[in-house]
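Report on the following structure.
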Amino acid sequence: MSTKYVYFFGGKTAEGNGQMRDLLGGKGANLAEMCLIGIPVPPGFTITTEVCAAYYEHGKKIPEEVLPQIDEALKRVEALVGKKFGDSADPLLVSVRSGAALSMPGMMNTILNLGLTDASVEGLARKTNNPRFAYDSYRRLIDMFGSTAMGVDHDHFEHELQQMKEAKGVKLDTDLNAEDLKELVRRYKAVYRKHVGDDFPQDPRKQLMLAIQAVFNSWMGKKAVEYRRIERITGLKGTAVNVQAMVFGNMGNTSGTGVAFTRDPNTGENVFYGDYLINAQGEDVVAGIRTPEPISRLKEVMPQVYEQLCDIRQKLEQHYKDMQDIEFTVQEGVLYMLQTRAGKRTGTAAVRIAVDMVREGLIDERTAVLRVNPESLNHLLLPQLDPKANIKPVAQGIAASPGAASGIVLLSADAVVEHHEKHPQDPIILVRKETSPEDVAGMHLAVGILTSTGGKSSHAAVVARGWGKPCVVGCEAVKISEEAGTITIAGHTVKAGEYITINGTTGDVMIGKVPTVLPKITGDFATLMEWADKYRKLRVRTNADSPADAAKAREFGAEGIGLCRTEHMFFGEGRILAMREMILASDEAGRRAALAKIEPLQREDFIGIFEAMDGYPVTIRLLDPPLHEFLPHDHAAQEELAQSLGVPVAKIKERVDELHEFNPMMGFRGCRLPIVYPEIAEMQVRAIIEAAIEVHRRGKKVLPEIMVPLVGTIEELRFIKQRIVAVAEECMAKAGVRIEYQIGTMIEVPRAALTADQIAEDAEFFSFGTNDLTQMTFGFSRDDIKSFMPTYLREKILPVDPFQSIDVKGVGQLIEIGVRKGRESRQSKYGQHLKVGICGEHGGDPDSIRFCHQVGMDYVSCSPFRVPIARLAAAQAALGDIKRDK
Ligand code: ADP
Ligand code: MG
Ligand code: MG
């Protein structure tokens with residue numbers, strides 16, 4: 001039997017179904033599924049994603065054997081509709097729609113009304129007795145076909161439309177009559193001819209084949225490729241093509257088109273949410289051609305249609321057991337569904353919907369836990385405007401994606417990309433009339449998005465929600481002048497580069513910066529987190545080196561500190577000078593004298609952190625960075641230091657030169673420091689143990705874990721461990737108190753992973769420092785990847801940046817070896833379980849967390865803000881990951 005390339009759907013039957021997303025794309029699979037559950041869908045067929053793959057294999061040609069299958073499916077559509085494609089008296093018209101397994105901006109826009117020609121447009125006008133409708137459909141076809149299939153700039157057509165409206169003195173496209181539209185068709189054809197160099201094709205069959213090819217071509221278009229890169233989407237075959245009989249929302253006042261969500265995608269509230277437009281077609285609602293009406297109004301305008309739509313809303317949710325994003329068209333009072341898919345939602349909505357659906361009995365707790373994308377929780381952790389701040393909104397738009405953001409105004413996506421390259425720290429708010437798929441790279445880098453047009457379902461709104469970025473759309477008070485590089489908001493002029501603040505939760509826009517505060521975990525969010533905690537096996541700790549961060553992380557559910565870096569403590573006020581004195585000292589006595597000044601301060605730091613962690617373990621890393629980082633490098637600062645310490649500036653310069661390294665990341669740092677200067681580690685250990693004794697005396701439990709960084713050989717660890725034990729014993733003997741403490745090591749040098757069996761003889765715990773481990777495994781300096789990583793990713797030399805997500809094949813192998821050898825050795829030698837965790841930035845990355853779960857780590861540690869994300873990701877890893885429908 002030959003391969004099936006084309007799947008028919010229509011009536012109450014379909015050859016495909018909702019499970020076949022990989023082959024039919026999401027849109028095609030769901031059109032089939034809707035037919036199967038008895039929802040009214042215009043008939044059509046789906047050309048599979050395999051044909052897209054074959055198209056590229058055949059040098060951009062549709063394989064011959066597909067063609068007869070298309071013909072056959074088209075015949076079935078003709079039979080159901082009772083019209084013939086290409087008939088000039090009563091033509092069957094179709095739409096050509098793209099659709100991959102995951103919905104994806106950048107794919108080809110839909111072409112509607114395909115099959116119309118100079119001859120059949122007259123037939124259609126006669127047959128429907130509605131010439132206005134016929135010519136409106138034709139001019140739309142020429143525009144859509146010209147711009148999406150043949151690459152003519154849509155603005156050229158738009159320009160003709162505007163001219164026509166001006167000439168006729170009307171504002172809306174619906175005010176143009178049949179004669180106007182007929183004339184417009186003539187002008188559109190001229191535009192087409194001028195830019196394509198050929199006449200608009202009068203052969204419907206040719207239109208169809210060109211449109212199908214255009215869909216396939218868009219798969220490799222810049223926008224789609226860019227989107228897949230950002231979203232790390234790999235492994236798809238291509239896009240499917242859906243060819244579907246047209247239904248018409250532009251036949252007059254009993255027709256219309258709309259888009260809706262079965263629940264509010266911003267808040268998750270269980271209300272019907274969406275917009276529609278009367279006498280309109282296709283993307284009119286989204287494109288902001290006219291201001292759409294809220295879906296609730298339909299109840300008055302078309303009560304029966306509204307009721308039917310509400311039934312379908314219920315039916316779809318019951319069937320898919322998830323919130324749906326739907327598209328529909330009403331042709332002369334008859335409702336047709338054109339699309340359904342799992343709706344994109346904010347993190348806030350995702351959590352609420354998941355928890356609500358458990359309450360409603362639609363899904364169970366596990367499904368709820370699996371349903372929410374961990375990254376989307378960012379959204380619930382987004383800063384909100386400080387309620388105590390003096391907030392003076394100057395304008396209000398539509399609240400499209402919640403959270404508040406302050407940033408500098410920039411007026412184009414390119415400007416954002418450019419600025420970000422030079423000043424990656426600057427928060428940016430992208431301000432535009434509207435956004436389009438070309439803008440995604442800039443939108444991704446912005447902290448917030450503000451548009452002056454568009455509604456809740458505009459491109460900006462949908463994309464921002466997907467990424468959990470604050471977004472305000474349709475803020476008409478914003479006037480943008482790209483030439484002047486300024487915007488005015490209700491009379492206030494703001495230059496590009498100046499700050500504004502947006503509140504995507506309310507739609508408010510403010511001039512300047514407004515202080516923000518951090519949210520708390522309550523309500524549905526807390527419920528979902530409880531469920532996650534039930535299922536996860538990994539513990540979640542945090543990376544924190546101040547009592548404030550430690551306390552925040554506890555609120556977010558951290559179960560200890562996995563990495564407390566001590567170097568930041570040496571930069572504090574009153575400390576850096578003593579530190580420098582220590583580095584400059586010419587002998588051990590001098591170093592000890594300087595360290596003695598830091599010790600009491602360091603002890604206080606640890607007391608604060610132990611108090612905040614209240615009985616949870618705290619892993620403290622001994623001083624790690626190279627010493628030169630603590631010395632001033634410019635002359636003026638060196639002069640100043642010379643003054644403060646009363647030493648000649650030449651001496652400082654000499655020491656700086658001495659400490660200079662060609663490759664500081666592989667230089668005099670980590671455990672190499674206390675091997676040369678044991679007094680540094682001794683001071684730190686004294687501060688740790690004395691702080692622990694103090695907190696213990698205050699009646700609190702303390703679990704200090706002293707961690708030696710950058711160990712590569714067991715001898716390094718032993719050398720330092722001896723000193724740590726000696727000092728700790730001395731402190732405890734003096735105080736007459738015993739503290740439970742552990743000594744362990746970071747595994748971040750490949751040699752340590754390979755010799756983990758030996759190292760575990762002297763380490764009570766391992767913590768994988770995956771930043772350094774990645775750096776040394778690849779030989780990539782992590783501070784210098786900017787020059788080649790973008791190319792590596794674009795050319796698919798690496799699938800993802802290994803500093804963001806663990807490189808499972810290489811670095812992961814070292815981790816596996818380390819865990820296995822370490823555990824076996826500890827077990828056989830002492831009968832003890834070796835505690836293993838991760839403290840690199842990967843500890844907050846859901847994919848990496850899944851890996852940590854798989855290799856059997858005890859915990860992950862991440863920044864305080866990622867703790868809830870890690871809790872959820874750990875639960876999903878434990879529940880067995882399912883493909884999330886984005
Ligand atoms: P997208 O993937 O961008 O949502 P669609 O393929 O869903 O693109 O098409 C966009 C819009 O075009 C639909 O929402 C619908 O309004 C209109 N459309 C598509 N196919 C048809 C059709 N067969 N009849 C009427 N309208 C259609
Ligand atoms: Mg659609
Ligand atoms: Mg390190």
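Residue numbers count from 1 along this sequence. Atoms within each ligand, like the ligands themselves, are counted from 1 in listed order. Worth saying up front: this structure is predicted, and the values here are computed from it rather than measured.
- Leu124 and Pro91 make their closest contact through N-CD, 4.3 Å (heavy atoms, listed as atom of the first residue, atom of the second, distance).
- The environment of Lys127 atom NZ is sparse: at most 12 non-hydrogen atoms of other residues, nucleotides or ligands sit within 6.0 angstrom.
- The heavy atom nearest to atom 23 (N) of ligand 1, considering only Ser98, Pro43, Ala245, is found in Ala245.
- Across the listed options Ile326, Val243, Leu338, Val215, Leu338 owns the non-hydrogen atom lying nearest to atom 26 (N) of ligand 1.
- Within a 6.0 Å sphere centred on NZ of Lys433, heavy atoms belonging to other residues, nucleotides or ligands number 12 at most.
- Considering backbone and side-chain atoms alike, Ser95 places an N or O below 3.5 Å from some N or O of ligand 1.
- Residue contacts with ligand 1, taken as heavy atom pairs separated by less than 4.0 Å, involve Met246 via backbone and side-chain atoms alike.
- In the vicinity of Thr257, heavy-atom distances shorter than 4.0 Å reach the ligand 1 atoms 16 (O).
- With distances taken over non-hydrogen atoms, the option nearest atom 18 (N) of ligand 1 out of Val96, Leu112, Thr110 is Leu112.
- Distances shorter than 4.0 angstrom occur between a heavy atom of Lys27 and an atom of ligand 1.
- Counting heavy atoms under 4.0 Å from ligand 1, residue Gln339 touches it through the side chain alone.
- Counting heavy atoms only, Gly282 comes closest to atom 17 (C) of ligand 1 of the residues Gly25, Gly258, Gly249, Gly282.
- The one candidate from Gln339, Lys27, Met337 that meets the side chain to side chain contact (heavy atoms under 4.5 Å, CB included) condition with Glu327 is Gln339.
- Remark: ligand 1 and Val247 share an N or O pair separated by less than 3.5 Å (distance only, no angle test).
- The Mg ion (ligand 2) lies at the vertex of an angle of 100° between the OE2 atom of Glu327 and the OE1 atom of Gln339 (rounded to 10°).
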